[in-house]
K.L.:
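The structure follows.
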Amino acid sequence: MATTEGAGKGRTGYDHDALQKKWSERWRGDGLYRTRQDPDRPKFYCLDFFPYPSGAGLSVGHLRNYVPTDVISRFMTMRGYNVLHPMGWDAFGLPAENYALKMGIHPARTTAQNVATYKRQMALVETCYDWDKEVNSSTPEYYRWTQWFFLLLFDRGLAYQAEGQQWWVEDGRCWRHTETAVTKKSLKQWYFKITDYAEPLIADLETIEWPDHIRKMQLNWIGRSEGCEVIFKGLRPEGGEVDLPIFTTRVDTIFGVTYMVLAPEHPLVGALTAPPRRAAVSAYIEESRRKSDIDRASTDKEKTGVALGSFAVNPLNGERIPIWIGDYVLASYGTGAVMAVPAHDTRDFAFARKYGLLIRQVIFPRDGASRNEVTGRWVAPAGLPVAELDAALVDPGVMFRSGPFDGLASEDATRVLGEHLEARRQGGRKVNYKFRDWLISRQRYWGCPIPIVHCDRCGAVPVPKDQLPVLLPEMTEFKPSGTGRSPLATVDSFVRTSCPRCGGAAERETDTMDGFACSSWYFLRFPDPGHGEGPFSPEAVRYWLPVDLYVGGAEHAVMHLLYARFWTKVMFDAGLIHFREPFQRLRNQGMLLGADGTKMSKSRGNVVTPDEVVQRYGADTVRAYLLFLGSFEQEVPWSDEAISGMYRFMHRVYDLMTRFPARADGDDRDVAPKVARELEFWIHKTVKKVTEDVESFSFNTGVAALMEFYNKLSSLSGDPSVVSSAAWARAQRTFLTLLAPIAPFLAEEMWERLGFTRHSPSVHREAWPGFDPAKLVTAEVEYPIQVNGKIRDKLVVPADLDEAGLKARVLASPKVMQWTEGKTVRNFIVVPGRLVSLVVK
RNA sequence: GCCGGAGUGGCGGAAUUGGCAGACGCAGCGGACUUAAAAUCCGUCGGGCCUCGGCCCUUGCCGGUUCGAGUCCGGCCUCCGGCACCA
């Protein structure tokens, strides 16, 4: 930064500081940003992702989210909508707690400080949030209702407790650290049964306007797959059988099963281990427990396992096959066990090769095979060679060596064998999902307490709704205990309570909820954040919801958005709300990189704060620049040099407007008709462009259109008859109106100075202009003329010239004739209003 | 590995979805103003030829469709994001 003062300051009267001070005070006094709920107007709910108020404050990167939604909100207001544009704080969470542990300051205090910083920084760029609607998820008035929703889910059978694996550091200080010894502990934790909603979560993706890639990510995450469940029989070494169900999408390969693999955590491993194998098996289990998820998940790691020394029976052919355990089988997917078909599955193939297990091909490729039209079965080519495989044949084909199912196409197997299995009670068709239930328990202090009381007699009993909130106790010491329990477990006065059901002595649940719970319903609170009768005001929600436009970073593409959709569906099913999807339209802004092209971060020292740039260039410049620097979705580097161009633009606008102010009594008599038409053309063209660009989030080209309009006005301003005309005044007024949502201060100041307050007291109360397509039609059109695909001439012709006339003009053009001479015109193509193309030979 | 997205001047990026590639801006260059500089204003600004009228090349690479391709199709290369043994 060479100078502290902006470029060219003092050259004109443009003083961004003075404008900001003057207008932000006035607007606050006038209540410009107060939400209106006027029943005669349509509503528009514009929402930013719920931010976590971090101690680092805002960088200009965050503004890449907040400025565009601000522009849209202002734009929609000017277009006559009642706009709800609120802001709140996702204030519970680990960073505040960790900071508190380090500095000894209570998270509530640091949160309050951070919120104050965020609000101050948001005000710097004059975001139009209605602060009367502010919410904070860490306040009892808010989390009372988060608890209420927990109970709603509990009552509907969607909240349950189960043993789950959790990583723990041996000394209990902090988890997920690489250098300390970690191990997995089994803990009883709370889950939400989101998997019950898999189908509506998939189906309703069709009904919302979200970016395709986000919808795909959600689909992949849910991971629906159709197949069969097949119940194998496990033969216990001590005698007797156990059911050993597996899930497969390739039931067509079932006659090729040569062994089974269970996850090491599978509950039947103990029962199915033969005594001589016990030592090896428990050593293997111990070993895989130590492996991190990453190690286990890595596909290029060699697959390992050990045999249990026992056998299973394939229900379809009665064959006895050995049972193994191997940690390439995931305990959490399907039934935690797989049938292994090495001939037709890459993983099983590698495993079988390594341990010398049998490989039996049961699918042959369809090419070369013929089909029996009557039975629909395929017939193998004569003498089908079954060579030794050097890789798994994973493509679908035709079943053979499969008893009664020989000749069946892979694609039909799920249906045919599914029905067969079902009839014999050996399994059946089944749909499986990759995603799991939502683990919400956190063994942490700074979160929303789970409203449950544990009673020896009654079990887990919900806290009655009229006793909410379960208050988070004031604590000064909330280090993790190392026992795997929440710090809350050490607060006697919190833990000891009585059972709401039987009145006997009982203990409170000490886990707190995942922060995603808080952000799964916050959008319902905004319309009436003070509502005391329930989590939200039903009337206000009926009016304002669903959210029309939701904007934030792509990092929440899956979790937050999926959880919020899930809660919404539960609420809909409970009859609480009238919509199934919370966010109609979703947009993700691209990341703003540092000037060096890398992610902005404190350690790289490339963070740009709103404070420094607003101080130097003013809010209008920063806003306009953020919109201008690239397309909304893409990541773009910040540029210290380029922003000065935007600053110059603000100066130039100020300059042009003050030097040639509109005259209230101007008239168009003295202006040349051609110039008047040109001015009118530019007014309508720019209105059209800016309107469409703001609607479609193409802010960069919208700003560019305003610059072009300015350039046009500037070049016409040399003509005294122009600047004294009424058309000039209309152009200025239009320009300022279009500029208003982007650069609110400059637009308002010019609006006042040029006397447009006689139309509207504030440019921000002015109606957004419409455009007249008729004004966009010009009398003459310029046609580029292509000969054999190359531009050879350009002709200006009357717009209403017919094709024959145009053809005559084209063929008479000397430049065109140079290229057609001595040749014949084979084809003459006219794209009306765009171009002429001729093919000559 | 699989699923998404992107590759356009020195730079950030436009291009009405198949129709004048490079809008708008930054940087650069030339000029005006100035004692000088900054700021400002005017001009120029993809590359190469050139007889100053133009000609040729150019949107990651190779091929195709078309009167016409940055845009569509096929095959590669590179970068970014997500998922990652899901049976």
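Numbered from 1 within each chain, the chains take letters A, B, ... in sequence-line order. Values reported hereafter were calculated over all heavy atoms of this structure, with side chains retained and with hydrogens, waters and symmetry mates removed.
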K.L.:
How far does the C1' atom of B:C45 sit from the matching atom of B:A23, given to the nearest Å?
P.N.:
15 Å
K.L.:
Under 4.0 Å: is that the gap between some side-chain N or O of A:Asn700 and OP1 or OP2 of B:C24?
P.N.:
no
K.L.:
Yes or no on salt bridge (charged side-chain N to carboxylate O under 4.0 Å, His left out) for A:Arg215 and A:Asp212, after CA distance, side-chain angles and deciding distance?
P.N.:
CA-CA 5 Å; A:Arg215 290 194 296 201; A:Asp212 281 345; 2.7 Å; yes
K.L.:
Roughly, in whole Å, what's the span from CG in A:Leu592 to P in B:G13?
P.N.:
11 Å
K.L.:
For A:Phe351 together with A:Phe349, are the ring centres under 6.0 Å from each other?
P.N.:
no
K.L.:
Taking OP1 and OP2 of B:G19, is either one under 4.0 Å from a side-chain nitrogen or oxygen of A:Ser837?
P.N.:
no
K.L.:
OP1 or OP2 of B:U66 versus the side-chain N and O atoms of A:Asn827: is any pair under 4.0 Å?
P.N.:
no
K.L.:
Using the P atom in both, what is the distance from B:G12 to B:G7, to the nearest Å?
P.N.:
12 Å
K.L.:
Which base sits across from B:C79 as a Watson-Crick or G-U pair, both distances under 3.5 Å?
P.N.:
B:G5
K.L.:
Mind checking whether A:Thr686 and A:Lys712 have side chains closer than 4.5 Å, heavy atoms only?
P.N.:
no
K.L.:
Looking only at atom C1', what distance separates B:U51 and B:G64, rounded to whole Å?
P.N.:
40 Å
K.L.:
Hey, is B:G13 sitting syn or anti, using the within-90° cutoff around 0?
P.N.:
anti
K.L.:
For atom P, what is the distance between B:C72 and B:A6, given to the nearest Å?
P.N.:
9 Å
K.L.:
For the pair made of CG in A:Leu738 and P in B:C24, what is the distance, rounded to whole Å?
P.N.:
18 Å
K.L.:
Is the phosphate of B:A14, meaning OP1 or OP2, less than 4.0 Å from a side-chain N or O of A:Ser631?
P.N.:
yes
K.L.:
Among B:G4, B:C3, B:C80, which nucleotide has an atom closest to any side-chain atom of A:Glu635?
P.N.:
B:C80
K.L.:
Under 4.0 Å, heavy atoms only, any strand: does A:Lys815 hit a base, just the sugar-phosphate, or nothing?
P.N.:
sugar-phosphate
K.L.:
Base, sugar-phosphate or nothing for A:Leu629? Non-hydrogen atoms, less than 4.0 Å.
P.N.:
sugar-phosphate
K.L.:
Would you indicate what A:Ser332 reaches in the nucleic acid, counting non-hydrogen atoms under 4.0 angstrom: base, sugar-phosphate, or nothing?
P.N.:
nothing
K.L.:
Does a side-chain N or O from A:Arg648 land closer than 4.0 Å to OP1 or OP2 of B:C26, or not?
P.N.:
yes
K.L.:
Would you measure the distance from the C1' atom in B:U17 across to the matching atom in B:G68 and give it in whole Å?
P.N.:
15 Å
K.L.:
Which part of the nucleic acid does A:Val839 contact within heavy-atom distance under 4.0 Å: base, sugar-phosphate only, or nothing?
P.N.:
sugar-phosphate
K.L.:
Pairing check on B:G25: which nucleotide meets the Watson-Crick or G-U wobble criteria with it, both distances under 3.5 Å?
P.N.:
B:C11
K.L.:
Select base, sugar-phosphate, or nothing to describe what A:Asp212 touches, counting heavy atoms under 4.0 Å on all strands.
P.N.:
nothing
K.L.:
Base, sugar-phosphate, or nothing for A:Gln786, non-hydrogen atoms under 4.0 angstrom?
P.N.:
base
K.L.:
When you measure from the side chain of A:Lys790, which nucleotide among B:C57, B:A6, B:C26 comes out closest?
P.N.:
B:C57
K.L.:
Name the nucleic acid region contacted by A:Gly223, choosing base, sugar-phosphate or nothing; use a 4.0 angstrom heavy-atom cut-off, strictly under.
P.N.:
nothing
K.L.:
B:U71 pairs with which nucleotide, Watson-Crick or G-U wobble, both distances below 3.5 Å?
P.N.:
none
K.L.:
Any donor-acceptor pair under 3.5 Å linking the side-chain atoms of A:Tyr328 with those of A:Asp348?
P.N.:
yes
K.L.:
What form does the base of B:U17 take, syn (within 90° of 0) or anti?
P.N.:
syn
K.L.:
State which of B:G54, B:G19, B:C24 makes the closest approach to the side chain of A:Val831.
P.N.:
B:G19
K.L.:
Taking the C1' atom of each, how far is B:G13 from B:C26, in whole Å?
P.N.:
11 Å
K.L.:
Considering only B:C80, B:C26, B:C20, which nucleotide approaches the side chain of A:Ala642 most closely?
P.N.:
B:C26
K.L.:
Answer yes or no: does a side-chain N or O of A:Arg792 lie under 4.0 Å from OP1 or OP2 of B:G68?
P.N.:
no
